[in-house]
Amino acid sequence: MYSVTNWQLAIRKEVFCPGEKIDSPLVIDLLFIQVVTDTMSNNCVRMTKKDRLRMQMLLDKNGITSKNLKEKTVLQHKASVKKEIVSTAQTLPLYFTRFFPVTGGIKNPKAELLGVSHSGIRLVHRQYEPTSDQLIILESFKFSEIVELKVTQNGTLRIHLSNDMVIPLYTNRAAQIKSMIEAYIIDLERDSQHVRAVKDYITQESTLLSFHKGDIIKLAGVGQSLNSDWLYGMLHGKTGSFPSEYVVPASGPDAQRNTKEISRNLLGIPIKMQNIIQEIAVSSGKFSMLEFAMRHFRESHSDYEMQRKRNGSISGSLRFIKKPFKGKKSKQTQRSIEEYEELIRFSNSPLQVSLLKLSGSEVNKAALECFLALMQVMGDYPVQIKDKTPKEKAYLNCVHFILKTCVQYPELVDEIFCHLIKQTTANHGAKKKSCVCGWRMFVFFSSYFQPTNLLKPYLYEYLSSPHPDDEQRQTFQNLAMTCKMNIIRGYKAGGRRIPPLYLEIKNVIEGRMTKRQMFYFPGNMTITKKVMAGTTMMDVIEDICQELNIVESEEIEEYSIYASVEKNNQIVPLKHKDYIMDVITHFDCQKVEYSFIFKKVLWYRPIKIQSSLHAVVLYNQMRPEYLHSIPAEGDYNSISPDNKWLIIQLAALQHRADDKVDVPIIRDLTNLIPTVIVDAGKKQQWLNAVDDKLQTMKHMSKEEAMMAFIEHVEKLPMTGSNLFVIKSVSGAVVHESCVLAVSNYGIFLLDKKTKVRLSIYS
């Protein structure tokens, strides 16, 4: 027991539990004192400067100061004022929040904390300042946005959101976080009159309600239970019955788009068309392609015709077609809407004019030629064969043509994305493979190019949610999400840069979307990963690190992939942003043999062994570097005692790590002791010393020996050095070829044979 202490324990309200209500006057008093005390203190990190200013203004308004906050005078404040203070504090984003330490990985590198409160979850970064720390909210999510929570075996919490995003968080408290969030969701859903669709339900029956996966449906009527076979609800102003197995409880509809946001950039559009656009946007709450078409497509495609030359080829010039006016103005507007709807659906006829308002005959001509090439790729138009070109190659030339044209005319990128959207929407063409080939081309194109900010939200929405009339879409949802991930990745990595080989194009269009690629670990160990057209080196590094149980983003950054080219024994460092299929294409064009090597390249942070495989990989990398980079100091008798002990210790650890039963012999020394030292002589003395040391390691396991070896070698100055052969050095320090070593400790010039340091630059 503690009798005399110089510290105190303070109890505070951390978080509001699901369904918790404040009824007790005593609890209200305690919360009131807590909030006011924190407001007047600069030490409460849960309040930002803006939050504290807001609360201080509220206190000043009600005449609350530090002097009248004493326990004897707290009762003088009105109960309504105290409730107002506490209620306002509840609206602060971080005040009543439980924080969990997390690592956001590559996707959220700044995330250090996950805050869970009654209002949702937040990814938080702690910014350290000289006077006081500050919590910065990186992202916030309502409970209504959370679709599913998963905890993996390695302690990863995966939060699946309603917009198909997945947030991976690495923490040893994943199960506790999952349980807490689920408790809030269950409480919100208990009294909710809303359900979320988990799959599409489409019907032509007027008494039944059709909906798509992800839709939030409001239940109509009292006393409905999900245990019933059928439910009755409302969606987009329509009511009807629907099967209960198609839905799950939901906490309520997601926030709709702001009317001001929808009204933005409508200048120049007729008033009636503005009203129609706003009605479409507000009713769906999403960025629909119909809205984009009405905003940015040409006013009326039927009023234009692409001029052609005498031989039938496209000239690029437009001709306006005069048509007599018929019907009332309202019907004319209705026909315009139908026309726009037609423009975002599949067509088995070539376009007569570009979808977007492109300027210049050359760009318009290129747009129509690209659409014709896309139709040929999808099998909706005869492939044009020139100069006895094989049909298969002519078919693949169309893909090359689209990619090269977008490089030549960057303003065509959005146009081609609109082509792909059009031809993959409600595609009921005669060719069975038309739609799937279109989606495969979509995947390929999205790995090279990214849309402008104008099209971006509409394209994301199209890839995330199927068109209402597109019954085939669910079949291709995986390809749609691959396209979206390619685009997101492209904004970070810049998109692919090297034109693909015909074999890659053929494989993608024919449905072979992944390639099994082998990667080498140090020690000639291998691992095989599936790569796609849009896979970057960072994707592979992150995937391999997950196999090694490396989760911290700073630690992942210290690993990289090299290309080992057999010709001239060349090692090529690869950037994290490089696309692996670009690298493969580059080497295949040069017709050289190559392999990919995964290894640790930076050594800024202390090594933390995360798994047995991680230990093996590091050991196999550090062992040969140790044996060939330590400088020579002489034979057994002339080496310093400290270095002699270390060399013997490391030799014995290597023998134990090899899991050998027999005692080492003289010829084994070259694999246990640095070469330059073994060559100096006194081999028997080294062998005897190693034998003696092994007697003290009889009970050490193979894994323990590896980790002990890594711990010792990590502290050596040359560990993790990148070595380069230098032919000559200006100045009088070195007069012949040498080795340049770059490490955390500085730059070293080494003798090529003995590895003795000739010069050091810190």
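Predicted model, so just to flag it, every value in this text is computed and none were measured.
At distances below 3.5 Å, not a single donor-acceptor pair connects side-chain atoms of Asn486 with backbone N or O atoms of Phe444. A donor-acceptor pair is defined here as one N or O able to donate and one able to accept, closer than 3.5 Å; no such pair exists between the side chain of Glu369 and the backbone of Ile402. Checked by atom type and distance alone, the side chain of Arg489 pairs as donor or acceptor with a backbone atom of Gly534 at under 3.5 Å. Checked by atom type and distance alone, the side chain of His655 pairs as donor or acceptor with a backbone atom of Asp662 at under 3.5 Å. In this structure a side-chain-to-backbone donor-acceptor pair under 3.5 Å is present from Tyr448 to Ile498. A donor-acceptor pair is defined here as one N or O able to donate and one able to accept, closer than 3.5 Å; no such pair exists between the side chain of Ser464 and the backbone of Glu461. Asp539 places no side-chain N or O within 3.5 Å of a backbone atom of Thr535 that could act as its donor or acceptor partner. For Thr482 (side chain) and Asn478 (main-chain N/O), a donor-acceptor pair under 3.5 Å exists by modelled atom type. Put simply, the side chain of Thr536 never gets that close to the backbone of Lys577: no donor and acceptor are under 3.5 Å apart. Judged by distance alone, the side chain of His586 and the main-chain N or O of Asp582 form no donor-acceptor pair under 3.5 Å.
Here Phe442 and Phe476 keep their ring centres 6.0 angstrom or further from each other. The aromatic ring centres of Tyr462 and Tyr458 sit 6.0 Å or more apart.
Between the side chains of Asn549 and Ser611, no donor N or O sits under 3.5 Å from an acceptor N or O. The closest side-chain donor-acceptor pair between Asp588 and Thr585, if any, does not fall under 3.5 angstrom. Side-chain atoms of Thr452 and Asp414 include a donor-acceptor pair closer than 3.5 Å. Counting only N and O atoms by type, the side chains of His419 and Glu415 include a donor and acceptor under 3.5 Å apart.
A distance of 7.0 Å separates CD of Glu555 from NZ of Lys608, quoted to the nearest 0.5 Å. Taken from CE in Met165 to CE in Met481, the straight-line distance is 9.5 Å, to the nearest 0.5 Å. A distance of 8.5 Å separates CD of Gln408 from CD of Glu362, quoted to the nearest 0.5 Å.
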Could you go through residues 513-523 and list every donor-acceptor pair under 3.5 Å that involves a side-chain atom there, pairing it with any protein atom two or more places apart or in another chain?
none

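Comment: Glu112 does not engage Arg126 in a salt bridge, judged by the lack of any side-chain N to carboxylate O separation of less than 4.0 angstrom. Contact check on Glu547 versus Lys529 returns a salt bridge, with a Lys/Arg side-chain nitrogen under 4.0 Å from an Asp/Glu carboxylate oxygen. Residues Arg496 and Asp578 are not paired through a salt bridge, judged by the lack of any N-O separation under 4.0 Å between the basic side chain and the carboxylate.
Heavy atoms only, all atoms of each residue included: Arg623 and Asn671 are closest at NH2-O, 2.7 Å. Here the shortest heavy-atom pairing between Phe587 and Ala563 reads CE1-CB, 3.6 Å. Of all heavy-atom pairs between Val399 and Val377, the closest is CG2-CG2, 3.8 Å.
The side-chain heavy atoms of Leu669 and Pro664, taken from C-beta on, include no pair separated by under 4.5 Å. Inter-residue side-chain proximity for Gln127 and Lys110 is flagged as unmet; no heavy-atom pair is nearer than 4.5 Å.
Sorted by first and then second residue, the ring pair (Phe, Tyr, Trp, His ring centres under 6.0 Å) pairs involving residues 534-566 (not counting sequence neighbours) are Tyr559-Phe598.
In the displayed structure, Glu593 atom CD is contacted under 6.0 Å by at most 12 heavy atoms of other residues, nucleotides or ligands. A 6.0 Å sphere centred on NZ of Lys600 holds more than 12 heavy atoms belonging to other residues, nucleotides or ligands.
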